[in-house]
There are 2 protein chains.
Amino acid sequence: MKLKKKDRQEKLNQAIEKTPFITDEELAEQFQVSIQTIRLDRMELGIPEVRKRIESVAQENWDETLKALPAAEVIGEVIDLELDQSAISILDIQAEHVFSRNQIARGHHLFAQANSLCVAVIDDELALTVNASIQFKRSVRLNERVVAKAKVINTDKKRTTVEVNSHVGKELVFSGTFEMYRSTDR
Amino acid sequence: MKLKKKDRQEKLNQAIEKTPFITDEELAEQFQVSIQTIRLDRMELGIPEVRKRIESVAQENWDETLKALPAAEVIGEVIDLELDQSAISILDIQAEHVFSRNQIARGHHLFAQANSLCVAVIDDELALTVNASIQFKRSVRLNERVVAKAKVINTDKKRTTVEVNSHVGKELVFSGTFEMYRSTDR
DNA sequence: ATTACTATTAGGACCTAGTCATAATACTGG
DNA sequence: CCAGTATTATGACTAGGTCCTAATAGTAAT
């Protein structure tokens, strides 16, 4: 049986969310309704046409790569950044981050969040990690939100030491000390 | 004075590189030539129309955010594995692994290779990283092949210590000691 | 069954940002 | 001045729409 309007609109929303590149024609085919129905649905749901959708996906990317801050290169989303001082990013643990067996996040994602935040916090063209000492305090599960806070604790001529503590709620889940190399002297 | 064809085409290329969202009409205005001239130029230079350009920027963004760090069980390709003893994997550094600025591999990819190899080498349902101490010995560049060798150096009731050394050719590029937690006793 | 209402489909005019082909005009070097 | 290149103009056509009007289908209540 064909879907009712409400169900169809819900699925439509999901379909477009998942593949913003899909045209009305393809959607009409997929839901076995006319193109006009799809268009009415989009109107009611306030979903723009495929070219506008594509453009906004592109725009997101572009803004970030244009920013002086290498935001696109940070794993997670940077929500605060004071160069050479501190930075905060959040990472929502999703299906692709966990072991399917037990829904526990793979350690390297937490490491990646912390490490890339360290790179971002340093005001330098070429910041590289030299050493790191890290502890995984407790395992992080699917759908948890990891907030990583990086703090610069020492800076000398060529090296910067950054401490990162990552929490889920009030619980510390990860902590690490990163020694970073800079290309420019201080 | 107006630019000669060759100069214009060169500048055109740069302009589109910089702002792929620009239309032929806007370009025509900018270079003070007709739209048709811009179109001829694009033809000769093999530059697609604005919608295609936008789409490809969007496309890049789309699968990159999905594969920032892939979901595979092991990052890299396992070429040898003796459970609870040793393992070897290789990772070819490609464009998605490097900073675009300087073509140097982001540290977390090397970490991910090593960390996931540690998980794989342990014969356990639920192996998790507890601590790690790592050193990035030299930076790895685009197109280099990283060979990671993991060796179990100690095993007690609940913990296993694994040492990983990663080389590009004969050069050591990464080394680390990982303390892993097992769910089952030994 | 008739009415009332919503949902769906259809059609036409118009839009943008193009492609492709043809033709006319302008510029430039020998 | 003429040839060859560069530029501009024009018209027909395209995809993937918007916006508006109108017809038809389905359903629920009286």
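Treat the numbers as computed from the prediction; the structure is a model and nothing was measured. To find a chain, count down the sequence lines: A is the first, B the second, and so on, and within it residues start at 1.
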Could you give the CD-to-C1' distance, from Glu55(A) to dT16(C), as a whole number of Å? 12 Å

Any base atoms under 4.0 Å from Arg53(B), or only sugar-phosphate, or nothing? Heavy atoms, all strands. nothing

Report yes if a side-chain nitrogen or oxygen of Arg39(B) is closer than 4.0 Å to either non-bridging phosphate oxygen (OP1 or OP2) of dT7(D); otherwise report no. no

Along DNA chain D (nearest heavy atom to each residue), the more 5'-positioned of Pro48(A) and Gln9(B): Gln9(B)

When rounded to whole Å, the CG to C1' distance for the pair Asp24(A) and dA15(D) reads 12 Å

Is any side-chain heavy atom of Val121(B) closer than 4.5 Å to a side-chain heavy atom of Val152(B)? yes

Does a side-chain N or O from Thr23(A) land closer than 4.0 Å to OP1 or OP2 of dG16(D), or not? no

5'-most by nearest nucleotide on DNA chain C - Arg8(A) or Arg51(B): Arg8(A)

Base, sugar-phosphate or nothing for Gln36(A)? Non-hydrogen atoms, less than 4.0 Å. base

When rounded to whole Å, the CD to C1' distance for the pair Glu26(B) and dA17(C) reads 11 Å

Rounded to the nearest 0.5 Å, the NE2 atom of His108(A) sits from the NE2 atom of His97(A) at a distance of 9.0 Å

Nucleotide dT16(C), atom C1' - distance to CZ of Phe21(B) in whole Å: 17 Å

In whole Å, what is the span from the NZ atom of Lys5(A) to the P atom of dA7(C)? 4 Å

Thr37(A) side-chain proximity, nearest of dT18(D), dC20(C), dT9(C): dT9(C)

Rounded to whole angstroms, how far apart are CG on Leu45(A) and P on dA7(C)? 13 Å

Find out whether Leu110(A) and Phe136(A) are in side-chain contact, i.e. whether some heavy atom of one side chain is under 4.5 Å from a heavy atom of the other. yes

When you check the phosphate oxygens OP1 and OP2 of dT9(C), does a side-chain N or O of Ser34(A) lie under 4.0 Å from one of them? yes

Across the strands shown, which category fits Leu40(A) at heavy-atom distances under 4.0 angstrom: base, sugar-phosphate, nothing? base

Step through the shown structure and confirm whether more than 12 heavy atoms of other residues, nucleotides or ligands are within 6.0 Å of CD on Glu29(B). no

Given atom CD1 of Ile54(B) and atom C1' of dA15(D), what is their separation to the nearest angstrom? 15 Å

To the nearest 0.5 Å, tell me how far Ile54(A) CD1 sits from Phe21(A) CZ. 6.0 Å

What is the distance, to the nearest angstrom, from the CE atom on Met43(A) to the C1' atom on dG17(D)? 9 Å

